[in-house]
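Data block below; observations after.
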Amino acid sequence: MCGIVGIVSTTNVNQTLYDALTVLQHRGQDAAGIVTFQDERFFLRKDNGLVRDVFRTRHMRRLVGNVGIGHIRYPTAGSSSSAEAQPFYVNSPYGITLAHNGNLTNADDLNEDLFRTDLRHINTNSDSEVLLNVFAHELQKLGKLNPTKEEIFAAVAAVHERCRGAYAAIAMITGYGIVGFRDPNGIRPVCYGVRKTEEGEEYMIASESVALRAAGFTLVRDIAPGEAVYIETDGTLYTRQCARQPRLIPCIFEHVYFARPDSIIDQVSVYKARLRMGETLAEKVLRENPHHDIDVVMPIPDTSRTSAMQMAHRLGVKFREGFIKNRYIGRTFIMPGQTLRKKSVRQKLNPIDLEFKGKNVMLVDDSIVRGTTCKEIVQMAREAGANKVFFASAAPPVRYPNVYGIDMPAASELIAHDRSIEQVRELIGADWLLYQDLPDLISSVSDVNPDIDGWECSVFDGYYVTGDIDATYLARLESQRGDDSQALNNAGNDAGSGNGIIDLYNDED
C-alpha cells in the first residue's frame with residue numbers, strides 16, 4: 001500500500017507536497033520521493049525512510065517548480081531497496097514521471113511485451129515502472145510533438161486495455177501538466193480537490209481526502225473508476241472516462257485498516273464506517289453471549305479505537321485505554337519483514353497494569369492478519385494481571401492472499417488460512433475470539449454511496465474481481481516473495497546524473 005499526491009499550483013509546490021506526504025505517512029514507511037518541474041527540467045529526491053528523514057533543507061531547496069508529484073511506499077513483495085522508491089522516470093516521450101499505488105496482476109506479461117514489442121527496458125522489479133512504461137509507450141505511439149488532452153486520454157484508455165489489477169496513479173509530463181487515473185474497478189482510492197487563490201485555481205490529486213484538507217484544498221470528488229483527470233500547468237482541468245466498462249468495486253480493507261479515520265473515500269466516511277463496525281461487533285456479542293462477563297473494552301491503538309469505543313457504548317461496559325503507544329515506532333503490519341514486525345510489538349505498546357488487574361478484558365483490533373501482534377498483546381494483557389482476555393476483530397478472518405497492493409501475498413503467512421476460529425483462538429492464546437461477519441462488515445460501509453457496485457473483499461472470501469487470478473498465479477507469487485533478510489538487506493542508494501531534462505540526486509545525509 002502506498003500514498004500518492006500531485007499538485008499544480010501558482011507557487012512552489014515542494015512544501016505542500018512534503019506536508020501532504022507526512023499526512024499520508026500511514027500508508028507506507030519504507031521510502032518517500034518528490035519530483036518537481038521547472039524550466040524544462042525535473043528535480044527528483046527519493047530514498048528509503050520516513051518523509052521527515054528523506055527530505056532535508058538542502059533537498060527541499062532544490063525541489064523547485066509549481067508542478068510536482070510525491071509518493072510514499074511500503075514494499076508489497078520482498079524488496080525494500082531504494083532503487084524501487086518512487087516516483088519513477090522515463091525520458092521518452094517528453095519526459096514522464098509517475099507515482100503509483102496498487103499492483104498490476106499481469107506485470108510479468110507486460111514486462112515481456114515491453115521488452116520484445118515496445119523495445120523498452122525495465123530497470124527494477126517494480127510494477128510501477130511497468131505501468132509508467134506502458135503509459136509512455138501508448139503516448140509515444142500517437143506520435144505527436146505536442147500532446148493534447150485527447151492524446152493523453154487516449155493513452156490512459158490504452159493503459160486500461162493492457163493493464164490488469166489495481167492502480168491509482170499520477171503522472172507528470174514535462175511542460176504539460178499532471179494526469180491522475182484509476183483502474184476500471186476503482187480498487188485503490190484517489191481523489192482531487194481545488195484551492196482558490198488570487199492568482200487562480202490550484203489543484204491537488206491525492207490518495208485520501210485528508211491530504212487535501214490539511215493543505216487547504218476543498219475536496220471536489222473521487223476520481224471515478226477508469227476515469228482520468230488531466231491538469232495543465234496553467235491550472236486548466238479536464239476529465240474523461242477512459243474505460244469501456246467501469247465499475248466501482250473499492251477495496252474494503254481501506255476502511256478496516258489503511259485509511260485515516262478523518263478521510264472520506266468514495267463518499268464513505270471512514271470514521272462512520274468504523275463506528276458501525278463496532279456496533280455490529282457488539283450485536284454479535286449479544287447474539288452469541290448475551291450474558292457476557294466483559295468488564296472493559298480496550299482498543300489496540302490506533303486504528304481500532306473508533307470501533308472499540310462504539311462497541312463498549314453498545315454493550316454498556318467501560319471503555320478504557322489499556323495500552324500506551326510509542327508514537328515513534330511504525331505500524332507493524334506495513335513493516336518490511338516478519339522479524340521486524342514481531343520485535344516491534346512490545347516496543348510499540350506498553351500496558352497500563354491497573355486497567356488489567358483482575359478484569360475480564362475485551363481487546364479490539366481492526367483485523368488479525370499474521371497473528372504476530374495479537375498473540376503478543378494477549379500475552380502482555382495476561383502479564384499485566386487480566387483475569388480473562390477476550391479478543392475481537394473488526395474484520396472477518398483474513399484467509400486469502402491479496403494481489404492488489406496489500407502485503408498479504410503468501411497464504412502461509414495468514415494465521416486464519418486453513419484454520420478454524422477455534423484454532424486461531426488457541427494460537428493467539430485468547431479465552432474467546434470474536435470475528436466480524438463479512439455481511440456485517442459490508443453493511444458497515446455500504447449505506448452511503450449508491451454508486452458502489454460492490455466491494456473488493458478477496459482477503460476474506462477469496463474472490464478476485466479482476467477475474468485473472470488462479471492457483472497457479474498465487475503459487476508463483478508466493479515463490480517470488482523474498483524472505484525478510486532479502487527485504488532488509490537490499491539497501492542501496494539511487495544513482496543519477498543530469499541529462500538535460502532531469503536532475504536526479506541522492507546525496508548522503
Side-chain angles (χ1 to χ4, degrees), residues 1-6 20-21 23-28 69-74 76 86 98-104 128 131 160 165-171 178-193 203-215 217-229 239 243 246-274 303 334 366 395 402-407 441-442 444-446 448-449 451-459 465-466:
M1 191 63 59
C2 301
I4 58 175
V5 60
L21 290 180
V23 172
L24 296 174
Q25 187 76 82
H26 60 283
R27 300 187 66 85
I69 63 177
H71 184 270
I72 53 98
R73 170 186 183 267
Y74 92 104
T76 57
Q86 297 185 43
L98 178 139
H100 163 227
N101 175 31
N103 186 60
L104 302 184
S128 302
L131 179 64
H160 292 330
Y167 49 93
I170 305 173
I178 65 174
V179 55
F181 54 94
R182 193 177 185 188
D183 70 80
N185 291 300
I187 297 174
R188 300 265 71 87
V190 63
C191 59
Y192 74 95
Y203 289 95
M204 176 190 285
I205 301 173
S207 292
E208 295 184 34
S209 63
V210 65
L212 305 176
R213 186 165 57 252
F217 287 77
T218 300
L219 174 66
V220 175
R221 61 179 176 84
D222 300 277
I223 295 178
E227 185 183 28
V229 173
T239 65
R247 53 182 185 164
L248 183 55
I249 308 180
C251 174
I252 204 167
F253 215 75
E254 290 280 351
H255 293 276
V256 171
Y257 175 81
F258 277 108
R260 275 184 36 158
D262 45 345
S263 284
I264 297 174
I265 299 178
D266 294 312
Q267 302 178 39
V268 178
S269 164
V270 177
Y271 177 77
K272 289 185 178 180
R274 290 176 183 169
T303 319
I334 58 177
D366 50 75
N402 183 277
V403 299
Y404 300 126
I406 301 177
D407 190 20
L441 176 62
I442 293 174
S444 297
V445 296
S446 295
V448 177
N449 184 359
D451 294 329
I452 295 176
D453 299 304
W455 291 93
E456 199 292 299
C457 302
S458 58
V459 297
V465 299
T466 52

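Only heavy atoms go into these numbers, but all of them, side chains included; no hydrogens, no water, no symmetry mates. As the structure is a computational prediction, the values presented were derived from the model and not from experiment.
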Less than 4.5 Å apart, side chain to side chain, heavy atoms only: is that true for Asp222 and Arg182?
yes

Could you go step by step and tell me if Ser458 and Val465 meet the side chain to side chain contact (heavy atoms under 4.5 Å, CB included) rule?
CA-CA 8 Å; Ser458 58; Val465 299; over 6 Å; no

Taking all heavy atoms of Ala259 and all of Arg274, pick out the closest pair and write down the distance.
O-NH2, 2.8 Å

Quick one: side chain to side chain donor-acceptor pair (under 3.5 Å) partners of Asp451, sequence neighbours excluded?
none

Go through the structure and list residues passing side chain to side chain donor-acceptor pair (under 3.5 Å) with His255, not counting sequence neighbours.
none

Shortest non-hydrogen pair, Ala206 vs Leu212, comes out as CB-CD2, 4.1 Å

Taking Asp266's backbone N and O only, do any of them form a donor-acceptor pair with Asn449's side chain (distance below 3.5 Å, no angle check)?
yes

One pair to check against side chain to side chain contact (heavy atoms under 4.5 Å, CB included): Cys191 and Leu219. What are the steps and the verdict?
CA-CA 8 Å; Cys191 59; Leu219 174 66; 3.8 Å; yes

For Phe181 and Ile223: C-alpha separation, side-chain torsions, deciding distance, then whether side chain to side chain contact (heavy atoms under 4.5 Å, CB included) applies.
CA-CA 7 Å; Phe181 54 94; Ile223 295 178; 5.9 Å; no

Kindly give the heavy-atom pair with the smallest separation between Gly226 and His160, and that separation in Å.
O-NE2, 3.1 Å

Side-chain heavy-atom pair Cys251, Ile406 within 4.5 angstrom cut-off
yes

I want to check something: taking the side chain as every heavy atom from C-beta on, are Ile72 and Gln25 in contact at a cut-off of under 4.5 Å?
yes

Sequence-distant partners of Ser209, side chain to side chain donor-acceptor pair (under 3.5 Å), two or more places apart
none

What residues, two or more places apart in sequence or in another chain, satisfy salt bridge (charged side-chain N to carboxylate O under 4.0 Å, His left out) together with Glu456?
none

By side chain to side chain contact (heavy atoms under 4.5 Å, CB included), Ala166 pairs with (sequence neighbours left out) Asp183, Ile187, Arg188, Tyr404

Tell me every residue that passes salt bridge (charged side-chain N to carboxylate O under 4.0 Å, His left out) with Arg247, counting only those two or more places apart in sequence or in another chain.
none

Here the pair of heavy atoms bringing Gly6 nearest to Ile178 is C-CD1, 3.7 Å

Ser446: partners by side chain to side chain contact (heavy atoms under 4.5 Å, CB included), with sequence neighbours left out
Ile442, Trp455

Who passes side chain to side chain contact (heavy atoms under 4.5 Å, CB included) against Ala214, sequence neighbours left out?
Val23

Heavy-atom closest contact (Glu227 atom, Ala224 atom, distance):
OE1-N, 2.8 Å

Approximate separation, where rounding is to 0.5 Å, of Asn185 CG and Ile249 CD1:
5.0 Å

Nearest-0.5 Å distance that lies between atom CG in Leu441 and atom CZ in Phe253
9.5 Å

Please lay out, stage by stage, how Ile4 and Ile69 fare under the test side chain to side chain contact (heavy atoms under 4.5 Å, CB included).
CA-CA 7 Å; Ile4 58 175; Ile69 63 177; over 6 Å; no

Counting C-beta onward and ignoring hydrogens, is there a side-chain heavy-atom pair between Val268 and Ile452 closer than 4.5 Å?
yes

With distance as the sole test, does His100 use its side chain to make a donor-acceptor pair with the main-chain N or O of Tyr167 at under 3.5 Å?
no

Mind checking what makes side chain to side chain donor-acceptor pair (under 3.5 Å) contact with Arg213, not counting sequence neighbours?
none

With Pro189 via side chain to side chain contact (heavy atoms under 4.5 Å, CB included) - residues at least two apart:
Arg27, Asn101, Glu254, Ile265

Which atoms form the tightest heavy-atom contact between Gly405 and Asn103, and what is the distance?
N-CB, 3.4 Å

